[in-house]
Each structure stands twice: as C-alpha cells, then as structure tokens.
K.L.:
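Got a structure for you, questions after.
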Amino acid sequence: RKRVDAVIAVTIALSPHEVQMLQALGKPLAGIGGLIPGIPSLSIDDIETARLATEHLISLGHRRIMHVGGDQSEQMDFRVHSARYDGFKRAVADAGLDLEDDFREAEFSVPGGYQVGLSLLGDPRTRPTAIFAANDRSALPVLEVAAEFGIRVPHDLSVIGYDDSRLAVGPHAQMSTISQNAAEMAEGAVSGALDLLAGGAPQDQVLKPTLVRRATTAPAP
C-alpha cells in the first residue's frame, strides 16, 4: 500500500504466516540478521564471532572467564544467545579450559547488565578476570559496577562487548567489542534487494566480523 518496490526486514522475527502475507504482495523480500526462514538473508556467524571474542581473552592469558548471555525467554534473544554461548564454549574447549561456572543470563539491556555485574563482581573470591558480554548494552553496565567496586579495567578485569554500537565509544567507555560491520550489512541488503528486482536468484550472505580492540581488555592480572 505504500508503493514500495522491495522490503528489507531488519533484525525482526516474522512468523511463516507474516512472511506469506508479505510475499503475497509480489515484492522482493529480504532480511538482515538471518531471523526469517524462507527468505534470503544477510547475517553474521554468531558462533564464530563469539569464538573470536573469547579467543581474544584467552590469548591475553585469562583463565577465569565469564559469558553474559541473553534472556532465554525471548525468541530472538534465545537464538542469538545460544549461538554466541556455543561459540564461547567452543573457544574455551579448544583452549583446554574447564570452566565449571561460565555463564550468567541477563536481559539484553543496561539494567540487565547492571544486575548481572553486581552478582559477578561483588565477591572477590569468585570474581572472573574477564567477561564477554553478548552485546554492548550488557557490557557497559558491567564497567559501571566495576568502577563502583573499585575494580580497575583493564588492569583487574577485562570486558569485551558485541555490536560496536555507540555505547562502546563514549566519555565513560572505550570498549573492546565485536563489530558486525553494520554499513557493509546495509549495503549488502540493498544490493541484494536490487538484484531481486532485476530478476536475480535469492541468495543468503554471511559476513565476517571484526575484533575491535580498545581500552577494556588487557593481559590477565
């Protein structure tokens, strides 16, 4: 009804019925994030990106590493959470580490990250030396909790996020993180939609992530 030529669905989950309704419009349909079965999508390999972040911490000598993942009650978060936690566990296993307690569930939000930060950093006896948070929104409040407890980042604690969002670079944080190369994803999605309009075949694309090392990761104490 809006007279568009194509539709790009960005990081949203659509039911099969909703996909059928959109396809019935006769317009090319593509997705970013790999969340919509049955349509061509452009995504990042969440397993490999999590491995990249975790291997970075391991290469710095960290052996007490904790992963802060997503809320399993949310359908979209669960898909992302499980893939990133899988990548984390693979990197840990490849390094020969045996981490009995390696995961905390949190909302993909600042309040969620703050609460899990309190639970992780409150007791010096069980405190990890490194935390990999499944997104920047969860990682930033962990840095705030560390400051409240007098924990020096990165001297006492390394923290790495995921997304390379605006939260990763600001007056209070220069955060190490994983970049999903958002501009490249956007360009790829538009190019894919134009190919569909020109009669091209639907194709899935998987982009490579980039490790962005800033001021919140350093060798283990």
Side-chain angles (χ1 to χ4, degrees), residues 1-54 67-91 103 105-110 112 132-139 160-168 177-212:
R1 292 184 304 170
K2 298 297 183 182
R3 300 179 181 177
V4 299
D5 293 313
V7 176
I8 299 173
V10 183
T11 62
I12 61 173
L14 296 177
S15 69
H17 176 64
E18 290 169 328
V19 172
Q20 290 176 0
M21 290 177 62
L22 287 170
Q23 290 174 333
L25 298 176
K27 306 292 184 180
L29 176 63
I32 293 179
L35 298 172
I36 309 172
I39 71 168
S41 67
L42 190 149
S43 62
I44 292 285
D45 188 331
D46 282 300
I47 293 177
E48 289 305 312
T49 51
R51 285 178 63 115
L52 184 64
T54 309
H67 176 57
V68 177
D71 183 355
Q72 298 187 54
S73 66
E74 295 292 334
Q75 180 182 3
M76 188 190 313
D77 283 357
F78 176 74
R79 184 196 69 83
V80 173
H81 141 75
S82 56
R84 294 180 188 176
Y85 185 37
D86 189 15
F88 169 82
K89 290 190 296 183
R90 292 186 189 186
F103 174 74
E105 180 179 293
E107 287 184 22
F108 274 10
S109 66
V110 171
F132 164 41
N135 73 355
D136 294 341
R137 280 180 295 165
S138 301
I160 186 169
Y162 192 117
D163 288 331
D164 198 21
S165 65
R166 289 175 292 178
L167 295 175
T177 187
I178 296 292
S179 172
Q180 298 193 64
N181 303 318
E184 184 180 356
M185 292 184 76
E187 292 172 4
V190 173
S191 295
L194 292 173
D195 287 342
L196 293 174
L197 283 169
Q203 293 183 355
D204 289 332
Q205 302 179 61
V206 180
L207 300 181
K208 292 183 178 182
T210 303
L211 173 68
V212 182

K.L.:
List the atom of Ala6, the atom of Ala193, and the distance in Å for their closest heavy-atom pair.
P.N.:
CB-CB, 4.2 Å
K.L.:
For residues Gln180 and Asp163, is any side-chain donor paired with an opposing acceptor at under 3.5 Å?
P.N.:
yes
K.L.:
Whether the side chain of Asp136 engages the backbone of Leu167 through a donor-acceptor N/O pair (distance < 3.5 Å, no angle test) should be reported.
P.N.:
no
K.L.:
If you define the side chain from C-beta out and look only at heavy atoms, does anything of Ser138 sit under 4.5 Å from Asn135?
P.N.:
yes
K.L.:
Using modelled atom types only, decide if a donor and an acceptor are shared between the side chain of His67 and the backbone of Phe132 within a distance under 3.5 Å.
P.N.:
yes
K.L.:
Looking at every heavy atom in both Ala106 and Val68, which two are closest together, and how far apart are they?
P.N.:
CB-CG1, 3.9 Å
K.L.:
Could you walk me through whether Val4 and Leu25 pass the side-chain contact (heavy atoms from CB on, under 4.5 Å) check?
P.N.:
CA-CA 10 Å; Val4 299; Leu25 298 176; over 6 Å; no
K.L.:
Does Gln23 have more than 12 heavy atoms from other residues, nucleotides or ligands lying within 6.0 Å of its CD?
P.N.:
yes
K.L.:
Quick one: pull up CE in Met185 and OG in Ser43 and give me the separation to the nearest 0.5 Å.
P.N.:
6.5 Å
K.L.:
Would you say the side-chain atoms of Thr49 pair up with the backbone N or O of Asp46, donor to acceptor, closer than 3.5 Å?
P.N.:
yes
K.L.:
With rounding to the nearest 0.5 angstrom, report the CD1 to OG distance, Ile44 to Ser179.
P.N.:
8.0 Å
K.L.:
Do Asp45 side-chain atoms and Glu48 backbone N/O form a donor-acceptor pair below 3.5 Å?
P.N.:
yes
K.L.:
What closest approach, in Å, do Leu207 and Glu184 show between heavy atoms, and which atom pair accounts for it?
P.N.:
CD2-OE2, 3.7 Å
K.L.:
Looking only at heavy atoms, which two atoms of Gln205 and Gly188 are closest? And how far apart?
P.N.:
NE2-O, 3.7 Å
K.L.:
Do side-chain atoms of Asp164 reach the backbone of Ile178 as a donor and acceptor pair under 3.5 angstrom?
P.N.:
no
K.L.:
Between Ser41 (side chain) and Ile32 (backbone), is there a donor-acceptor pair under 3.5 Å?
P.N.:
no
K.L.:
What verdict does the side-chain contact (heavy atoms from CB on, under 4.5 Å) test give for Ser191 and Leu194, after you've listed the backbone C-alpha separation in whole Å, the side-chain angles of each residue and the deciding distance to 0.1 Å?
P.N.:
CA-CA 5 Å; Ser191 295; Leu194 292 173; 5.5 Å; no
K.L.:
If you take all heavy atoms of Leu196 and Pro28, which pair is closest and at what distance?
P.N.:
CB-CB, 3.6 Å
K.L.:
If you look at every heavy atom in Asp86 and Ile47, which pair is closest and at what distance?
P.N.:
OD2-CD1, 3.6 Å
